[in-house]
There are 2 protein chains.
Amino acid sequence: MELKQQVTVTLAEVAEAAGVGESTVSRVLRNHGSFSGKTRERVMAAVERLGYVPNRIAGTLASTGSRLVAFVIPSLSNIVFPDVLRGASAVLEENRYQAVFSVTDYDPGKEEALAAAMLAWRPAAVMLAGYEHTDGTVKMLRASGCRVVELLDLDGDALDIAVGFSNRAAGRESAAFLLKRGYRRIGYVGHDLSRDTRAGKRFSSFCETLQAHGAPLVAREILAGASSVENGRLGLERLLAQTPDLDAVYFSNDDMALGGYFHCLAEGISIPSKLAIFGYNGLDIGRAMPQPLSTIRTPRVATGQIAAQLVVANAPPQAVDLGFELIDGATA
Amino acid sequence: MELKQQVTVTLAEVAEAAGVGESTVSRVLRNHGSFSGKTRERVMAAVERLGYVPNRIAGTLASTGSRLVAFVIPSLSNIVFPDVLRGASAVLEENRYQAVFSVTDYDPGKEEALAAAMLAWRPAAVMLAGYEHTDGTVKMLRASGCRVVELLDLDGDALDIAVGFSNRAAGRESAAFLLKRGYRRIGYVGHDLSRDTRAGKRFSSFCETLQAHGAPLVAREILAGASSVENGRLGLERLLAQTPDLDAVYFSNDDMALGGYFHCLAEGISIPSKLAIFGYNGLDIGRAMPQPLSTIRTPRVATGQIAAQLVVANAPPQAVDLGFELIDGATA
DNA sequence: CAGCGGATTGGTAGCGCTGCCAAAAAGTCA
DNA sequence: TGACTTTTTGGCAGCGCTACCAATCCGCTG
């Protein structure tokens, strides 16, 4: 292999080869404005012959408004965000938009820096997780003039568009469900809540609901770092060591809950008679477990889809509540 | 708070405000070329005051070479690709590169179309999964002059850079491991192999190795659609219904294997004494299972990191073998 | 056949920034 | 101090494309 030749064919060359003007080529390629069928053929033949690939950088600069959509997401380890991206990218690709992303690791400072970097690409929209942003981020987004979509949260005030569901309601319904099932000595196993503010909202509403029904949270175990199956297992082990007589445990999400489930399997703790387990997210894996996981299924892919559709349609500011579904599984 | 729908500030305006020339502002902002400390301060003050955000579209067009890196990946559901993206995006962000992506759904035709769309952004590099591309894709990539990185496969000829490991070797070692453990009646449960060519390579090498050792594959169950825990469970159920006396099953990946594990749990099939289970990928979840999953751990995040590093460093064409690790768990 | 309106087409300013080059300013040295 | 360097700086031509406008063409009318 050797150095490649930078043989960039330009629109001007296509125009020359086709014997037409540049603007005609541009019109044909974008299928915009009018041109004859004959012209179209000549242009397409030249494009084919020269192997022309339009330069979207130049195109975007010359036209108003880009077809880039920027995602500034907390993580790619948590399946939630790939799911959102998946939903969004399908819609964006259909509409010839291009997705750009960067990962904040749940760090608001990094979010601000990355949002600034994104804005430099003059995207049509910026999509972020939730409502908690630094003042700098908010100011910057407001000043940018591009659409802003806040995802997966509805507990707060949207800057522009918001798509998701209420995490507080999710926490509340989870607690109500466990209470209705008769559990009274309830514990919690979670991951770092200071960074994952949505998990924090679920937890605080969960606690408030328990409290309001006279069965306040008995114990909690918060693990540093991200959620994972291993942390869930470890968390439940620690929680039970500290408070053995719990009858139910709420986990910050399904990964953590699955870890708890594994711990019970390994220790011979029978579910749900000895201990009930409740998760959050409604991952597919929960359905395949020997005992389907009791959890709340969230519309992750749909969140991405709807968000993308609203951006493509340049919809007015709004908050779209996609809701969630409580899965009455076999673990609680 | 001023909610001015401000017209975008340009570099020229910053220059004017700072009382310097445009090129001076450009130099200061990119910290490239020489300028005095005093000038630097004046420029930065003006940038701050006006809330200037550089326009990377214009910058990229004017300069040679972009800082975009395009990912054309088969899926976001399979955790493999988010993992690769995660490794890559960390490195890219550090180096002020921007990641762009689109999803092919394992469809070579879609890959070609999306690769073409990506090329229109004139990226510094295009990253793709594996070696199997349409002639059109290959031709286009060759002609583009941008770097091409093929990921997660080494069984074939690289276009430019390749980073990953040998799937054939992985299949071979998996088979050798099971044979060494004494299993002889071995089955396979997999997902759609025609699309996921890397899984196909593992499977064919697995079979060849069994054959070479006089213990050819006894049965197989291939499920349509993507890999999932549910499909793994269903697949094993079907496989055993058809061939009950297997002593080991190789799964196309850990998700599928976990499904198989769940099936055994639900049916009271003891692992590994009655049936051994072997996966592929080495997901964290496998470590947290009551019986750690026997599998092969692949360097997914590292693949992304190394790939990104090579692109950033503009390294010469090469194939980097990151290898994999056989995890001697408790299920085989 | 001139006159018209709509369909096509080409010319050409920019879009906002970088790269190159020459000019201006600031140092250096004998 | 004058000649010569080195550091800073500004001007401006593009990068490849789109948007706008004017020119041309065509088919019909009256």
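All chains are named by letter (A, B, ...) in the order of the sequence lines, taking the proteins before the strands, and each is independently numbered beginning at 1.
Here the straight-line distance linking atom CZ of Phe81(B) with atom CG of Leu152(B) works out to 6.0 Å at 0.5 Å rounding. Separation of atoms OH (Tyr106(A)) and CG (Asp196(A)) is listed at 4.5 Å; rounding is to 0.5 Å. Between the CZ atom of Arg27(B) and the CG atom of Leu29(B) there is a distance of 12.0 Å, given to the nearest 0.5 Å. The distance from the CD1 atom of Ile73(A) to the CG atom of Leu114(A) is 10.5 Å, given to the nearest 0.5 Å. Going from atom CG of Leu128(A) over to atom OG1 of Thr137(A) covers 8.0 Å, rounded to the nearest 0.5 Å.
Residues of residues 92-102 of chain B having a heavy atom closer than 4.0 Å to DNA chain C: none are found. In the region residues 53-60 of chain B, proximity to DNA chain D at under 4.0 angstrom, judged on heavy atoms, holds for none of the residues.
Rounding to whole angstrom units, CG of residue Asn31(A) and P of dT8(C) are separated by 12 Å. If you take CD of Glu13(B) and C1' of dC15(C), they are 13 Å apart, rounded to a whole angstrom. For the pair Leu11(A) CG and dG14(C) P, the computed distance is 20 Å after rounding to whole Å. Atom CZ in Arg42(A) sits roughly 15 Å away from atom P in dT8(C) (whole-Å rounding). Look at CG on Leu61(B): it is 17 Å from P on dG14(C), rounded to the nearest Å.
What you find for Ala99(B) and Leu92(B) is that their closest heavy atoms are CB-CD1, 4.2 Å. Here the closest non-hydrogen pair linking Cys146(A) and Ala124(A) is CB-O, 3.8 Å. Looking at every heavy atom in both residues, Ala308(A) comes nearest to Ala88(A) through CB-O, 3.8 Å. Across Leu154(B) and Val320(B), no two heavy atoms sit closer than the pair CD1-O, 3.8 Å. Between Ser66(B) and Leu68(B), the shortest heavy-atom distance links the atoms OG-N, 3.2 Å. Residues Asn95(B) and Arg67(B) come closest through the heavy atom pair O-NH1, 2.6 Å.
Ion pair Lys201(A)/Glu132(A) flagged as a salt bridge, since at least one NZ, NE, NH1 or NH2 atom sits closer than 4.0 Å to an Asp/Glu carboxylate oxygen. Between Arg198(A) and Asp153(A), no side-chain nitrogen of the basic residue sits less than 4.0 Å from a carboxylate oxygen of the acidic one, so the salt-bridge criterion is not met.
Judged purely by distance below 3.5 Å, without hydrogens or angles, the side chains of Ser23(A) and Ser26(A) never pair a donor atom with an acceptor atom.
Taking 4.0 Å as the cutoff to heavy atoms of chain B, we find the contact window on DNA chain D bounded by dT8(D) to dG16(D).
Within 4.0 Å (heavy atoms only), Thr10(A) reaches sugar-phosphate atoms of the nucleic acid but no base atom.
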Produce a footprint string for nucleotides 19-25 of chain C: one letter per nucleotide, 5' end first; B if the base is under 4.0 Å from any protein heavy atom, S if only the sugar-phosphate is, - if neither.
B------
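Remark: Asp83(B) pairs with Arg86(B), Arg300(B) by the salt bridge (Lys or Arg N to Asp or Glu O under 4.0 Å) rule, at least two apart or across chains.
The overall bend of the helix from dC1(C)-dG30(D) to dA30(C)-dT1(D), read as the angle between its terminal helix axes built from five base pairs each, is 40° when rounded to 10 degrees.
Close to dG16(C), at under 4.0 Å from its OP1 or OP2, lies no side-chain N or O of Thr8(B).
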Could you walk me through whether Asn55(A) and Trp121(B) pass the side chain to side chain contact (heavy atoms under 4.5 Å, CB included) test, one step at a time?
CA-CA 6 Å; Asn55(A) 184 332; Trp121(B) 289 101; over 6 Å; no
